[in-house]
Amino acid sequence: MKFSCRRTDLLDAVNISERAVASKSTMVILEGLFIEAKDNEVRFLGNNLELCIDCSIPAKIESKGSCVVKANIFSDAVKKLPSHIDEVFIEVNESNVIFISCGNAKFNFSTTSADEFPRPQEINAIDEISIKEYILKNMIRQTVYAIAQNDTKPYLTGILFDVKNGELSVVGCDGYRLAIRKEALEHASSLKFIMQGKTARELLSLLGETDLEVNIKINEKQAQLTLKNCTVTTRLVDGEYLNYEGVAKHENTLYIVTETKEIADSVDRAALIANEAVKAHVLLKIEDGQVNINCETVLGQVKDKFEVNMQGDPIEIAFNPRYLLEAFKNADCKEIKLSFSTALNPVIIQPAEGDSFRYIVLPVRLH
């Protein structure tokens, strides 16, 4: 195998594909990066059997071939290549040694045969959808923060994609809060699948801000996403997702509209003396067109208040400050509407105009 390519293309491909390389595995080959030179491109492939990222870049191919290199060593070598030179020469000899040359910098180390490296197959799709890259990125970002971090309920460790009636809903939930992001989607049939949380987070790094279409193919066990220069194949999460549409169906008696930044900054100040070591809540007292915020811990006390547009009955209600902050930070609008009923029922956070997202946060019970 022998080829040359642009250093920047090589760096991008390695940064992308190594995200799916296993850090430790009983199958040592999965700790490697698969490289294949063919036709006018070079393919880089990482696969940990849960997630596979297949990325290709243009190259001048002198001789075709494939190998598997130790991913961390190859990645470090590529990142340390001289930044002022943009052509890299790579060759694997008959002794399975890879040579990397860029200007005066030269590396060489051993490789292994690519014969046993698991390569992704085109999945036999039962359905597929297409969505603009920047929309998909925003929908994932605005919901993945709310997923569960432990696997006592595995389906809550992923995000739900729910397509029906010409609309896509992406949902994240951990049992204490729920995030729903909606977008119109031209798709005739109904479709539901749960994407792994790890995959969703990796996609945030891979997806850009363009309006290019991302194609998502689905079968019973896998999803395969085709991006501009790479293909991501991931196992889906088994299980039936909760009835998220039935959450917080209670009748609300208080509505406030406020600037997103103002309430986020106020809760952030109050949370200054609350952290993981000091379990604490923020108390919101809403009355007479004002929100009074109070947080008390063994470390001290923080108080704050601000004006809001208010309609309905006063309320005093407490929340985990982190849950509120993460909801506010993922609300991409200048003003939000908060809807309350009682101190025991969750708050509903929505845009002041429209319904593109809905965040639901359970309150803390005060003893």
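Residue numbers run from 1 in the order of the sequence given. As a basis for the values below, the full set of heavy atoms in this structure was taken, side chains included, without hydrogen atoms, waters or symmetry mates.
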>> Ignoring hydrogens, what is the shortest heavy-atom contact between A13 and F44? Give both atom names and the distance.
In response: CB-CD1, 3.7 Å

> After noting the C-alpha distance and the side-chain angles of Y359 and F357, does the key distance pass the ring pair (Phe, Tyr, Trp, His ring centres under 6.0 Å) rule?
Replying inline: CA-CA 7 Å; Y359 300 149; F357 67 81; 4.7 Å; yes

> Hey, does the side chain of T233 reach the backbone of C52 with a donor-acceptor pair shorter than 3.5 angstrom?
Replying inline: no

> Hey, does the side chain of N252 reach the backbone of L254 with a donor-acceptor pair shorter than 3.5 angstrom?
Replying inline: no

> Out of curiosity, I159 CD1 to I140 CD1, how far, rounded to the nearest 0.5 Å?
Replying inline: 5.0 Å

> What do the steps show when you test S17 against L45 for side chain to side chain contact (heavy atoms under 4.5 Å, CB included), and what is the final call?
Replying inline: CA-CA 6 Å; S17 54; L45 180 62; over 6 Å; no

>> Are I315 and V364 connected into the same hydrophobic cluster when the rule is that any two of I, L, V, M, F, W, Y join if their side-chain heavy atoms are below 4.5 Å apart?
In response: no

>> For the residue pair D162 / Y241, report whether a side-chain donor-acceptor contact shorter than 3.5 Å exists.
In response: no

> Is any side-chain heavy atom of R365 closer than 4.5 Å to a side-chain heavy atom of L344?
Replying inline: yes

> Once you round to the nearest 0.5 Å, how far does CD1 of I53 lie from CZ of R19?
Replying inline: 7.0 Å

> Can you find a pair of side-chain heavy atoms, one from M1 and one from I35, that are under 4.5 Å apart?
Replying inline: yes

> Does atom CG of N72 have more than 12 heavy-atom neighbours from other groups under 6.0 Å away?
Replying inline: yes

> Are any side-chain N or O atoms of T111 and backbone N or O atoms of N96, one a donor and one an acceptor, separated by less than 3.5 Å?
Replying inline: yes

>> Strictly below 4.0 Å, N to O, side chains only: are E326 and R322 in salt-bridge contact?
In response: yes

>> Taking ring-ring contact (aromatic ring centres under 6.0 Å, His included) as the cut-off, I'd like each qualifying pair that reaches into residues 60-90, sequence neighbours left out, listed once.
In response: none

>> Check this for me, if you would: do K70 and E31 make a salt bridge, where the nitrogen-to-carboxylate-oxygen distance has to be below 4.0 angstrom?
In response: yes

>> Within the structure provided, determine whether L191 and I218 are in side-chain contact (heavy-atom separation under 4.5 Å).
In response: yes

>> As a quick check of understanding, evaluate side chain to side chain contact (heavy atoms under 4.5 Å, CB included) for L51 and E202, giving each step before the final call.
In response: CA-CA 10 Å; L51 172 67; E202 294 297 353; 4.0 Å; yes

> Between V247 and L178, which heavy-atom pair has the shortest distance, and what is it?
Replying inline: CB-CD2, 3.9 Å

> Is there side-chain contact between T342 and P363, with heavy atoms separated by less than 4.5 Å?
Replying inline: no

Donor-acceptor list for residues 164-171 side chains, cut-off 3.5 Å, not counting sequence neighbours:
unit_1, atom_1, unit_2, atom_2, d
K164, NZ, E245, OE1, 3.0
K164, NZ, E245, OE2, 3.3

>> Is it the case that the side chain of N219 and the backbone of K221 share a donor-acceptor pair, with hydrogens and angles ignored and the cut-off at 3.5 Å?
In response: yes

> Under 4.5 Å between any side-chain heavy atoms of K303 and N292, yes or no?
Replying inline: no

>> For D174, is there an ion pair with K153 - N to carboxylate O distance below 4.0 angstrom?
In response: no

>> Check for me, please, whether I216 and L236 land in the same ILVMFWY cluster - side-chain distances under 4.5 Å, paths through other members count.
In response: yes

> Got a sec: does the CD of Q311 have more than 12 other heavy atoms crowding it under 6.0 Å?
Replying inline: no

> Between K137, R141, K132, which is the residue that forms a salt bridge (Lys or Arg N to Asp or Glu O under 4.0 Å) with E209?
Replying inline: K137

> Is the closest side-chain heavy-atom distance between I349 and F328 below 4.5 Å?
Replying inline: yes

> Is it the case that Q350 and D355 place a side-chain donor and acceptor less than 3.5 Å from each other?
Replying inline: no

>> Between R119 and E36 (salt bridge meaning N to carboxylate O under 4.0 Å), is one present in this structure?
In response: no

>> Count I, L, V, M, F, W, Y as connected when their side-chain heavy atoms are under 4.5 Å apart, and connections chain through other members. Are I348 and I263 then in the same cluster?
In response: no

>> I'd like to know if the side chain of D268 reaches the main chain of L325, judged simply by a donor and an acceptor atom lying under 3.5 Å from each other, with no hydrogens or angles considered.
In response: no

> In Å, rounded to the nearest 0.5 Å, how long is the span from CG of D9 to OG of S56?
Replying inline: 11.5 Å

> So, does E251 use its side chain to make a donor-acceptor pair with the main chain of S341 at under 3.5 Å?
Replying inline: no

>> Are the side chains of Y155 and L160 in contact, using a 4.5 Å heavy-atom criterion?
In response: no

>> Tell me the closest heavy-atom pair linking L225 and M195, and the distance in Å.
In response: CD1-CE, 4.2 Å

> Would you find more than 12 non-hydrogen atoms of other residues, nucleotides or ligands less than 6.0 Å from N150 atom CG?
Replying inline: yes

> If you draw a 6.0 Å radius around NZ in K228, do more than 12 non-hydrogen atoms from other residues or ligands fall strictly inside?
Replying inline: yes

>> Are V28 and L49 connected into the same hydrophobic cluster when the rule is that any two of I, L, V, M, F, W, Y join if their side-chain heavy atoms are below 4.5 Å apart?
In response: no

>> When you compare the side chain of I61 with that of V42, does any pair of heavy atoms fall below 4.5 Å?
In response: yes

> When rounded to the nearest 0.5 angstrom, what is the spacing between CD in E183 and CG in L136?
Replying inline: 10.5 Å

>> How about CD on Q301, more than 12 heavy atoms from neighbouring residues, nucleotides or ligands closer than 6.0 Å, or not?
In response: yes

>> For C333, is there any backbone N or O sitting under 3.5 Å from a side-chain donor or acceptor partner on T260?
In response: yes

> Is a donor on one side and an acceptor on the other found under 3.5 Å between the side chain of S110 and the backbone of V97?
Replying inline: no

>> Testing the basics here: between D288 and M310, what is the closest heavy-atom pair and its distance to 0.1 Å?
In response: N-SD, 3.8 Å

>> To the closest 0.5 Å, what do you measure between CG (L366) and CG (L283)?
In response: 6.0 Å

> At their closest point, which heavy atom of L242 faces which heavy atom of C173, and how far apart are they?
Replying inline: CD2-SG, 3.9 Å

> Distance-only, no hydrogens or angles: does the R7 side chain make a donor-acceptor pair with backbone N or O of I85 under 3.5 Å?
Replying inline: yes

>> Going by the rule side-chain contact (heavy atoms from CB on, under 4.5 Å), which residues pair with E307 if we only count those two or more places apart in sequence or in a different chain?
In response: Q290

> Side chain of E62, backbone of K2: donor and acceptor closer than 3.5 Å?
Replying inline: no

> How many angstroms lie between atom CG of D127 and atom OG of S189, to the nearest 0.5 angstrom?
Replying inline: 4.0 Å

> At their closest point, which heavy atom of V214 faces which heavy atom of E133, and how far apart are they?
Replying inline: CG2-CA, 3.8 Å

